[in-house]
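Letters go in sequence order (proteins before strands), and every chain restarts at 1.
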Amino acid sequence: MLTKRIIPCLDIKNGRTVKGVNFVDLRDAGDPVELAAIYAQNGADELVFLDISATEEKRKTLSELVMRVAEKVNIPFTVGGGISSVEDVELLLNSGADKVSINSSAVKNPQLINELAAKFGSQCIVVAIDAKQINGEWIVHLVGGKVPTDIKLFDWAKEVEQRGAGEILFTSMDHDGTKNGFANEALAKLGTLVNIPIIASGGAGNTQHFVDTFIDGKADAALAASVFHFKEIDIMDLKQELKNNNIAIRI
Amino acid sequence: MKIVIINYGAGNIQSIKFAIRRLGFEAILSDDIEEIRTADKVIFPGVGEASSAMKKLKSTKLDAVIPTLKQPVLGICLGMQLMCNYCEEGDTKGLGIFDVDVVKFNNTLKVPQIGWNQIYNLKSELFEGIAENEYMYLVHSYYVPMNDEAIATTEYGLKYASALQNANFCGVQFHPEKSGDVGEQILKNFLNL
């Protein structure tokens with residue numbers, strides 16, 4: 001049976017992890033490669049690297065990091081953050097990334113999704129969508145949720161599927177950082193509207209939140225950062241708890 | 001041991017090269033017919049779309065070479081699908097090594113299937129030391145129906161063949177290079193064939 005996926009997300013700046021991580025057994029807590037290898041050993045099903053640096057050296061640094069991760073880590077990983085062209089994607093995939101995630105660039109130029117899917121296949125194109133509710137309506141936002149667009153979440157999700165996205169990474173900006181649980185109502189609705197896998201993101205605070213997003217939110221995968229980095233949730237314990245709730249999970 | 005990964009412009013071959021390095025071997029990426037013919041082990045990777053991958057293969061004339069290879073050959077993901085008779089994707093004629101047609105998953109399922117799923121009914125030395133129902137990482141929209149050459153079975157809405165073998169040719173739908181330690185063991189088994 002296909003299992004639900006648990007995905008730690010690592011924020012990267014200039015080739016280093018940002019946000020503190022609380023891994024006492026790490027030689028170098030800022031080294032994304034070492035952190036990634038530990039997650040892979042501890043039961044993570046996939047990893048996401050989100051590059052938040054904005055320097056001119058960015059592309060080179062990121063592709064070098066991707067290659068070092070691919071060398072060491074034996075589970076799939078996705079790379080996102082500022083990817084805006086076929087050339088960007090080609091460089092990252094050739095360096096060993098399994099998937100790339102695009103966000104603002106897809107909103108600004110939706111045709112990019114078609115181009116990437118045609119050239120590299122839908123299976124490696126994740127479209128990340130950040131949204132928050134305005135007057136009861138889910139609206140797509142850019143720049144980490146700071147800039148609202150006039151695009152509605154559910155319309156956009158259907159459009160990215162039609163254009164060839166292989167997966168949707170949906171972050172609720174209303175839930176992100178709150179540790180109050182995922183946006184399960186919106187996730188469940190997304191699940192009825194599109195026929196591609198959906199990764200839930202934003203709001204993870206405890207184990208029950210993961211149970212809820214898989215059962216109520218019908219999510220295919222759940223992504224979180226700080227609860228894993230600060231060891232508030234151990235992935236193995238989490239997976240056991242999910243299994244106890246009859247959720248298909250790889251242990 | 002000379003290990004050649006067939007290089008025909010298919011995506012993500014770095015990961016396979018790195019996985020082999022983690023096992024203590026070095027693989028060569030090559031599209032050179034002589035280099036491939038003289039290898040001890042040949043890996044035929046593939047990520048992307050079937051018809052364009054087949055076009056690339058034809059442009060290097062490797063489509064005629066692969067079916068004549070005598071050493072152990074391992075097709076991975078799209079590589080395995082291209083070794084079949086026919087792929088529904090892009091209406092693509094395959095290499096005819098495996099006597100089966102590749103078809104698309106029913107759209108009542110989420111397509112592509114992305115994630116970890118179990119393999120069972122394991123029937124080859126390729127799976128030496130691998131327990132039934134181990135989890136493998138899969139990403140695909142098209143599948144190989146059950147057939148006589150199946151050496152592993154997976155379920156996604158229906159039972160399908162997640163690995164095939166015909167003489168010296170093996171194919172796996174999953175990505176052993178991305179399936180943790182268990183996947184690496186399968187690669188190691190292949191190198192030991």
>> Please classify the contact of A:A248 with chain B as side chain, backbone, both or neither, using a heavy-atom distance under 4.5 Å.
In response: neither
> Considering all heavy atoms of both residues, which atom of A:A36 and which atom of A:L47 are nearest to each other, and what is their separation?
Replying inline: CB-CD1, 3.6 Å
> Can you tell which of B:L187, B:L74, B:L138 makes a side chain to side chain contact (heavy atoms under 4.5 Å, CB included) with B:V172?
Replying inline: B:L74
> Looking at B:Y143 versus B:Y156, is the centre-to-centre ring distance below 6.0 Å?
Replying inline: no
>> My understanding is that only one of A:R5, A:K239, A:K4 makes a salt bridge (charged side-chain N to carboxylate O under 4.0 Å, His left out) with A:D45; could you say which?
In response: A:K239
> Side chain, backbone, both or neither: which part of B:L109 has a non-hydrogen atom closer than 4.5 Å to chain A?
Replying inline: backbone
>> Heavy-atom cut-off 4.5 Å, strictly under: side chain, backbone, both or neither for A:E90 against chain B?
In response: neither
> What's the spacing between B:Y86 OH and B:K93 NZ if we round to 0.5 Å?
Replying inline: 11.5 Å
> By a 4.5 Å heavy-atom criterion (distance strictly below it), what part of A:T3 contacts chain B: side chain, backbone, both, or neither?
Replying inline: both
>> I need the residue from A:G121, A:A221, A:S95 with the largest number of non-hydrogen atom pairs under 4.5 Å to chain B.
In response: A:S95
> Considering only heavy atoms, which portion of A:I198 lies under 4.5 Å from any heavy atom of chain B: side chain, backbone, both, or neither?
Replying inline: both
> Under a 4.5 Å heavy-atom cut-off, does chain A meet the side chain of B:D181, its backbone, both or neither?
Replying inline: both
> Looking only at heavy atoms, which two atoms of B:E89 and B:L78 are closest? And how far apart?
Replying inline: OE1-CD1, 4.3 Å
> Is chain A contacted by the side chain of B:E177, its backbone, both, or neither, given a heavy-atom distance below 4.5 Å?
Replying inline: backbone
> Between B:N85 and B:D99, does any side-chain donor sit less than 3.5 Å from a side-chain acceptor?
Replying inline: yes
> Of all of B:H175, B:E49, B:Q118, B:R22, which one pairs up most often with chain A through heavy atoms under 4.5 Å apart?
Replying inline: B:R22
> Heavy-atom distance under 4.5 Å to chain B: side chain of A:A70, backbone, both or neither?
Replying inline: both
> What part of A:D98 is in contact with chain B, defined as an atom under 4.5 angstrom from a non-hydrogen atom: side chain, backbone, both or neither?
Replying inline: both
